[in-house]
Amino acid sequence: MREIGRLLSRAENGEGATVLGAIATGARAHVVGITGPPGVGKSTLVDKLIEHVRRDGLRVAVLAVDPSSPFSGGAILGDRVRMNRHAADRGVFIRSMAARRALGGLAAATQDAIRVLDAAGYDVIFLETVGVGQNELDVVRAADTVLVLVAPGLGDAIQALKAGVLEIADLFVVNGADRPGADMTMVDLRGMLALGPQHRQTAGWQVPIVDTIATTGQGIERLWAMVRQHRESLDAGGELHVRRRDRIRAHVLDLLFERCRKSLLGALDVDERLRSLLGAASSGRLDPHLAADRIFSQWQPQQVATNSVSAPTRCDRREELTK
Ligand SMILES: Nc1nc2c(ncn2[C@@H]2O[C@H](COP(=O)(O)OP(=O)(O)OP(=O)(O)O)[C@@H](O)[C@H]2O)c(=O)[nH]1
Ligand SMILES: [Mg+2]
């Protein structure tokens with residue numbers, strides 16, 4: 001357990017290449033993303049889902065990612081408390097990641113963390129993200145199955161669901177079915193699904209809308225059954241393979257974008273010509289678009305120092321990790 005924590009910290013600090021070079025990964029875990037507005041009940045729901053996963057004899061890891069906040073603040077502390085009762089269970093691993101610590105892009109760091117947990121032999125990985133903005137979507141895209149949580153009684157909340165959320169949801173969960181307006185919210189969601197742009201295509205899969213009361217556990221067993229069904233549909237249609245391939249592609253691009261960013265910032269620091277172009281734009285003597293054009297065409301991408309290893313030592317650390 002301590003070893004996993006140490007590896008995760010290194011992955012977060014942008015040492016993914018060094019850490020993961022030494023791990024043989026097979027992408028076996030079912031990665032389940034859980035997103036939705038702050039306070040909708042994500043952590044409470046995950047806490048209850050853990051029970052069902054364990055009842056099925058599976059090992060489970062939880063990654064709580066907060067892309068919006070640079071601080072590891074109250075929410076994360078709350079998650080710890082909420083899932084505390086699983087602390088003694090060696091089949092459960094809970095970890096929070098804050099944007100502050102994740103150098104090299106949070107989405108990339110999340111991918112690396114998932115690979116570490118996968119190599120450590122966790123069967124299910126819950127990925128909880130706060131909010132439903134673009135950053136959260138980027139993070140949750142790392143999941144095989146995405147649950148979008150919605151609070152009842154908020155007609156506006158449905159309106160606020162961006163097209164991106166619609167596309168990414170494999171299951172909608174109306175959590176807080178004990179609160180007024182849950183039925184109406186289910187109806188609204190159904191209407192929206194009937195009209196809206198289609199979700200990520202999974203052959204033979206209709207996006208279900210499930211109502212739950214996370215605090216009492218009502219509806220969670222049914223939800224877990226549906227999550228497993230979704231995984232089976234993905235497997236059966238060959239979609240799992242496609243999603244994972246796309247995910248790896250996005251991961252490589254994230255890593256490249258980050259290198260470009262670092263390289264460009266480095267060049268702007270040391271290259272006098274680029275600096276003066278930037279300065280001219282800052283002082284209003286040069287149009288920003290023109291400045292960007294010129295800087296881009298004169299920029300010579302530099303090799304930026306990374307922590308990558310030139311020849312990864314391939315030894316399977318799975319045993320060490322599962323100790
Ligand atoms: N009445 C009711 N309260 C709920 C339900 N689910 C969660 N809550 C309560 O809502 C509050 C927020 O729950 P969390 O699980 O922390 O929500 P979250 O989405 O993880 O919150 P963030 O991580 O801060 O975004 C807690 O006080 C829960 O007890 C529910 O189904 N019904
Ligand atoms: Mg939470």
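Not measured: the values here are computed from a predicted model. Both counts, for ligands and for their atoms, begin at 1 and track the order of listing.
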| query | Do you know which two heavy atoms are closest between Gly41 and Asn175, and how far apart they sit? | reply | CA-ND2, 3.7 Å
| message | Under a 4.0 Å threshold between the charged nitrogen and the carboxylate oxygen, would Asp235 count as salt-bridged to Arg231? | response | yes
| request: Would you tell me which option among Thr215, Leu149, Asn175, Thr216 has the nearest heavy-atom contact to atom 4 (C) of ligand 1? | output: Thr215
| Candidate with minimal heavy-atom separation from atom 22 (P) of ligand 1, of Ser96, Pro152, Gly39 | Gly39
| message | Between the Mg ion (ligand 2) and Glu128, which N, O or S atom of the residue is the nearest one? | response | OE2
| task | For atom 31 (O) of ligand 1, state which one of Ala214, Pro37, Ala182 supplies the nearest heavy atom. | result | Ala214
| field | Heavy-atom closest pair, residues Leu274 and Ala267 | value | CD1-CB, 3.8 Å
| said: For Ile168 versus Val146, what's the shortest heavy-atom pair and its separation? | reply: O-CB, 3.3 Å
| message | Below 3.5 Å, N or O to N or O, backbone or side chain included: is there any such pair between Ala177 and ligand 1? | response | no
| message | Does ligand 1 come near enough to Gly41 that some N or O of the ligand is less than 3.5 Å from an N or O of the residue? | response | yes
| field | Pro38 neighbourhood, listing ligand 1 atoms whose heavy-atom distance to it stays under 4.0 Å | value | 25 (O)
| note | Closest heavy-atom approach to atom 1 (N) of ligand 1 among Val174, Val173, Asp178, Thr129 is made by Asp178
| Salt bridge check: are Arg55 and Glu51 linked by an N-O gap of less than 4.0 Å? | yes
| said: Heavy-atom contact check, 4.0 Å cutoff: does Glu128 meet ligand 1? | reply: yes
| query | What are the two closest heavy atoms between Ala151 and Thr185, and how far apart are they? | reply | O-CG2, 3.9 Å
| task | Check whether any N, O or S atom of Ser43, backbone or side chain, sits closer than 2.8 Å to the Mg ion (ligand 2). | result | yes
| message | Under 4.0 Å from a heavy atom of Thr44: which atoms of ligand 1 are those, numbered in the order shown and with their elements? | response | 7 (C), 13 (O), 14 (P), 15 (O), 28 (C)
| remark: So for Leu45 against ligand 1, with non-hydrogen atoms under 4.0 Å, the contacting part is neither
| said: Is there a side-chain contact between Val227 and His30 in this structure, where contact means two heavy atoms from C-beta onward sitting under 4.5 Å apart? | reply: yes
| message | Is there a path of hydrophobic side-chain contacts, each under 4.5 Å between heavy atoms of I/L/V/M/F/W/Y residues, joining Met184 to Met192? | response | no
